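Accompanying notes for the structure given below.
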Amino acid sequence: MAGIFDVETARRSFPALQQKQIYMDNAGGSQVLATVADSIRSYLLNSNVQLGATYPVSRESTSGYTKGQKAAASFINAQPEEISIGVSTTQLLHNLSTALQFQTGDELVLSKLNHEANTAPWVRVADRLGLTVKWWASNDPKNPTCDVNDLKTLLSEKTRLVACPHVSNITGTISPIREIADAVHVHPRALLCVDGVALAPHRQVDVQALGVDFYAFSWYKIYGPHLAQLYACNKIQPQITTLGHFFKPTTTLDDKLNLASANYELTQSIPHVVAYFGSDPSKTWAAMSLHEEKLQRILLDYLKSEERITVIGESRADQALRVPVISFVVRGVGSQSVVEQVEGVSKYGFRSGHMYSHRLLKEVCGLEDVDDGVVRVSLLHYNTEAEVEGLVSILREVLA
């Protein structure tokens with residue numbers, strides 16, 4: 001994919017986009033690159049054997065798996081020994097919470113903007129070990145954020161871990177992770193765990209520049225296979241005990257947290273995702289985010305013009321402030337009703353609900369029916385301006 005963005009060229013890389021369905025539920029999972037699908041098929045038909053043996057096909061299979069791990073690490077500017085690839089972000093964070101060392105009196109600071117994947121593991125371990133949980137909330141129900149000044153009031157020498165999202169999967173608002181990391185690391189034992197699932201499809205991730213201790217995201221939301229990835233920086237890995245068999249090595253994060261190897265055919269396909277961003281990934285990401293800014297501006301301008309509609313999150317389309325994960329509620333109309341009315345007259349696909357950010361919608365935003373939740377439209381670089389303009393026209397029609 002060239003650095004100068006061309007949406008039609010991009011769309012040709014995704015076979016599913018040739019169908020009549022218009023995909024605007026991308027925060028739940030992106031469409032898959034043809035190269036990724038072809039790679040998985042080829043692996044299963046030609047080299048689907050156990051890793052680690054000396055016969056030729058096993059050597060080939062092992063090499064492909066190793067290349068997948070290296071590509072996955074390079075994607076976020078990490079080393080291969082600093083990542084673990086697994087079935088889901090939720091599972092990886094549960095594994096981490098079990099393996100991370102805690103002491104009596106430790107405090108955990110959890111953002112209420114979290115997807116439950118980055119909350120439930122820490123609540124569970126706090127209950128089990130008698131640790132203290134402090135909730136990092138927000139005072140703005142319409143545009144809740146991870147405010148650094150609010151965080152500083154919660155931190156102390158007892159802080160062991162802070163967990164927050166890079167982007168809320170409801171609001172689309174980008175959190176100032178580097179500032180948060182700097183505030184957390186004033187306290188010697190404090191670690192920062194960031195859920196990057198909603199950010200990673202839209203921006204280039206550099207864990208070194210962010211200064212995080214842990215960072216998790218999902219490959220199946222970045223045009224790849226149904227896998228997830230967890231990063232833990234080398235310097236804090238001695239604080240993680242192993243979950244593996246007693247005779248297994250404990251050299252890498254994957255040795256410690258993965259109870260078995262990640263899926264072979266899926267892991268070896270990851271280099272095809274990385275290759276999609278070309279020889280100059282920074283330029284490609286910049287072009288994609290500029291295109292996505294145009295997409296979200298079309299929808300946000302319409303939503304703000306409707307007196308009955310409330311946007312939950314940053315209402316400005318500025319790419320420095322948000323990504324095109326856009327949630328809203330319509331006064332007097334249920335969120336699922338809006339979805340069904342649009343589905344009844346079009347091929348648009350998006351959703352309603354709490355998106356596993358139940359605490360955010362109930363305790364911060366104050367929604368009465370959290371299960372019905374919000375309407376969420378989530379766009380990616382392969383969506384077109386014409387598609388978004390079409391959605392606006394249909395929303396005008398059904399809400400009238």
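What you see is a predicted model, and the numbers here were worked out from it, not measured in a lab. The figures here come from the full heavy-atom set of this structure, side chains too, leaving out hydrogens, waters and symmetry mates.
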message: For Phe328 together with Tyr302, are the ring centres under 6.0 Å from each other?
response: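 No.
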query: Got a sec, which pairs hit ring pair (Phe, Tyr, Trp, His ring centres under 6.0 Å) with one end in residues 86-136, sequence neighbours left out?
result: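 Found His115-Tyr356.
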Taking [X] first and then [Y], would you say they form a salt bridge - that is, a charged N and a carboxylate O separated by under 4.0 Å?
X: Glu368; Y: Lys362; value: no
X: Arg359; Y: Glu116; value: yes
X: Glu314; Y: Arg316; value: yes
X: Arg322; Y: Asp318; value: no
X: Asp106; Y: Arg189; value: yes

message: Show, in sequence, the C-alpha distance, side-chain angles and deciding distance for Thr132 and Glu107, and conclude whether the side chain to side chain donor-acceptor pair (under 3.5 Å) test is met.
response: CA-CA 5 Å; Thr132 299; Glu107 296 179 350; 5.0 Å; no
Could you go through residues 392-400 and list every donor-acceptor pair under 3.5 Å that involves a side-chain atom there, pairing it with any protein atom two or more places apart or in another chain?
| unit_1 | atom_1 | unit_2 | atom_2 | d |
| --- | --- | --- | --- | --- |
| Ser393 | OG | Glu389 | O | 3.2 |

Within 6.0 angstrom of Asn139 CG, more than 12 heavy atoms from elsewhere: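 It does not: Asn139 CG has 12 such atoms or fewer within range.
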- prompt: Counting only heavy atoms not in Arg351, do more than 12 fall under 6.0 Å of its CZ?
  reply: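 For Arg351, atom CZ is not crowded (no more than 12 foreign heavy atoms under 6.0 Å).
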- prompt: Can you say whether the rings of Phe277 and Trp285 are parallel (under 30°), tilted (30 to 60°) or perpendicular (over 60°)?
  reply: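 Taking Trp285 first and then Phe277, their aromatic rings lie parallel (interplane angle under 30°).
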